[in-house]
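Worksheet: one structure, shown below.
Numbers restart at 1 for each chain; the letters A, B, ... are given by sequence-line order, proteins then strands.
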2 protein chains.
Amino acid sequence: MILSTKGRYGLKAMFELGLQYGKGPIPLKVIAERQTIPENYLEQLIAILRKAGLVKSVRGAQGGYLMLRPPEEVTVGQVLLALEGPMAPAECVTDSESPKCKLASGCVTRGVWEKISHSIHDVIDTMTLQHMIEEQISTIEKE
Amino acid sequence: MILSTKGRYGLKAMFELGLQYGKGPIPLKVIAERQTIPENYLEQLIAILRKAGLVKSVRGAQGGYLMLRPPEEVTVGQVLLALEGPMAPAECVTDSESPKCKLASGCVTRGVWEKISHSIHDVIDTMTLQHMIEEQISTIEKE
DNA sequence: TTTAATCTTGACAAATTTAGTAGGGTATTC
DNA sequence: GAATACCCTACTAAATTTGTCAAGATTAAA
Ligand code: FES
Ligand code: FES
């Protein structure tokens, strides 16, 4: 159960956008180079993030992408939700309105999925891009 | 990021085998019916579990499958590892010997993947089939 | 106003995974 | 030897993953 490159590339890209926050737009090309992501593929990923309302675009020369909100307000969970769908082991433990599992009562695995889901969300819903940035700074200082 | 049916069916099947522990082999057909899993497909899944050393088979009439160890000693994590591969968001935070991520130092997302991985394993490596069985019994009693 | 930078959209596609289906073979028991 | 049940392999339709490519729209800057 490894995440797809969508989530892995996408979070790296959002980190770069977080670093840049408040300093104007940054073109995709730069992000793609820094994080070694195929530029054309990243284009598709950032389109998803744009539609999810996490970033906005500025067209034309000197244009690029920028975050709509400060990195303190954007959680890892929001990014992964947009790119990977609900971060839960089964649909029935998602907040989505589809209860799907009719067998919910009497289902022997539901309890497990709920516990896994909660533990994942404890992490990703509290961790923001700002936390990632701070962590990165402190590991660099140690070298 | 929803688990595939491999993991979802497989854990349900292991639950049934856990219930049956100590009472002789149980045929696949019964498990498939109780948990509504296509029998032929379950055959492939249980082959994986057998190769992983979690169950053994008894051939012939009155045969079937049984768990090698008591349900207290089998964790959800062992089952999911066999069926879904490492339960981590990225390869680099797996115990496997492939360090893959050459960029580990300087990687901005690794910290996130580590935290997610730990929180998942906190749950699945401590939860056993016996826990699932007990939980199931207590929810039935409440009705 | 022209040019270059940049986003936007949509098409295409190879490789892999998912979620089965089908069927013949083998071992065991009654 | 008939019934039961595991064992193994092959096949497949559909979806997802992981991109690549090309044409066009928009805007800033020269
Ligand atoms: S897997 Fe959803 S209720 Fe059982
Ligand atoms: S994703 Fe593995 S070290 Fe960065």
Side-chain angles (χ1 to χ4, degrees), chain A residues 1-13 16-17 20 24-52 54-68 80 82-86 89-91 100, chain B residues 1-13 16-17 20 24-52 54-68 80 82-86 89-91 100:
Chain A
M1 188 223 63
I2 302 293
L3 284 189
S4 74
T5 55
K6 272 190 201 169
R8 304 209 310 277
Y9 288 169
L11 189 57
K12 286 184 175 187
E16 293 294 332
L17 286 163
Q20 186 72 11
I26 177 174
L28 265 201
K29 197 182 179 182
V30 174
I31 298 179
E33 275 168 10
R34 283 195 199 153
Q35 297 291 340
T36 31
I37 302 170
E39 189 181 342
N40 287 329
Y41 188 37
L42 184 54
E43 228 163 58
Q44 294 176 48
L45 305 187
I46 203 128
I48 297 172
L49 295 170
R50 181 166 47 83
K51 283 162 193 160
L54 292 171
V55 302
K56 75 170 185 180
S57 61
V58 178
R59 298 175 75 144
Q62 315 307 316
Y65 288 91
L66 32 79
M67 293 212 329
L68 277 172
L80 294 182
L83 294 164
E84 296 279 346
E91 286 211 16
K100 293 262 174 157
Chain B
M1 189 223 61
I2 303 293
L3 285 190
S4 73
T5 54
K6 273 189 200 171
R8 304 209 309 276
Y9 288 169
L11 189 56
K12 286 184 176 188
E16 292 293 334
L17 287 163
Q20 186 70 11
I26 179 174
L28 266 200
K29 197 183 178 183
V30 175
I31 298 179
E33 274 168 10
R34 283 196 199 153
Q35 296 292 340
T36 29
I37 303 169
E39 189 180 342
N40 286 332
Y41 189 37
L42 183 55
E43 227 166 59
Q44 295 174 47
L45 305 187
I46 204 125
I48 298 172
L49 295 170
R50 181 165 48 82
K51 283 163 193 159
L54 291 172
V55 302
K56 76 170 185 180
S57 61
V58 178
R59 295 175 76 149
Q62 315 307 317
Y65 288 92
L66 29 81
M67 295 211 331
L68 277 172
L80 294 182
L83 294 164
E84 296 279 345
E91 286 211 15
K100 292 264 172 151

Closest to the [X] side chain: [options]?
X       : options               : answer
B/Arg59 : D/dC7, D/dT26, D/dA29 : D/dC7
B/Ala61 : D/dT18, C/dT8, C/dT28 : C/dT28
A/Pro38 : D/dC6, D/dG19, D/dA25 : D/dG19

What is the distance from [atom1] of [X] to [atom2] of [N], rounded to the nearest Å?
X       : N      : atom1 : atom2 : result
A/Gln44 : D/dC21 : CD    : P     : 13 Å
A/Ile2  : C/dT16 : CD1   : P     : 17 Å
A/Arg8  : D/dT17 : CZ    : P     : 12 Å
A/Leu66 : D/dT27 : CG    : C1'   : 15 Å
B/Leu83 : C/dT18 : CG    : C1'   : 14 Å
A/Asn40 : C/dG10 : CG    : P     : 16 Å
B/Leu45 : D/dC6  : CG    : C1'   : 15 Å
B/Leu3  : D/dT16 : CG    : P     : 16 Å

Look at all strands and tell whether B/Arg50 reaches a base, only sugar-phosphate, or nothing, counting heavy atoms closer than 4.0 Å.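 The residue B/Arg50 makes sugar-phosphate contact but no base contact.
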Which is true for B/Leu28 with a 4.0 Å heavy-atom rule: it touches a base, it touches only sugar-phosphate, or it touches nothing?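 Touches sugar-phosphate only.
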Under 4.0 Å between a side-chain N/O of [X] and OP1 or OP2 of [N], yes or no?
X       : N      : value
B/Tyr65 : D/dC7  : yes
A/Thr5  : D/dT18 : yes
A/Lys6  : D/dT18 : no
A/Ser4  : D/dT16 : no
B/Tyr41 : C/dA22 : no
B/Ser57 : D/dC7  : yes
A/Lys29 : C/dT6  : no

For A/Glu43 and for B/Glu39, locate the closest nucleotide of DNA chain D by heavy-atom distance; then report the residue assigned to the nucleotide nearer the 5' terminus.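 With A/Glu43 and B/Glu39 compared, the 5'-side residue is B/Glu39.
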Pairwise 5' ranking along DNA chain D for A/Gly60 and A/Glu84, keeping only the more 5' one: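 Upstream on the strand: A/Glu84.
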On a heavy-atom basis, which atom in A/Ala82 and which in A/Ala52 lie closest, and how many Å separate them?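 Result for this residue pair: CB-CB, 3.8 Å.
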Quick check: does any side chain N or O of B/Ser57 sit under 3.5 Å from a backbone N or O of B/Arg59, one acting as donor and the other as acceptor?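 Absent.
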Just how far is it from atom CD1 of A/Ile31 to atom CD1 of A/Ile37, taken to the nearest 0.5 Å?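 Output value for this atom pair is 8.0 Å.
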To the nearest 0.5 Å, what is the distance between CD1 on B/Ile46 and CG on B/Leu28?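 Result: 5.0 Å between the selected atoms.
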Are A/Met67 and A/Leu54 close enough that some pair of their side-chain heavy atoms sits under 4.5 Å apart?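 Side-chain contact under 4.5 Å: no.
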Please determine if A/Glu16 and A/Arg34 form a salt bridge, counting it only when a charged side-chain N lies under 4.0 Å from a carboxylate O.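 Yes, this pair counts.
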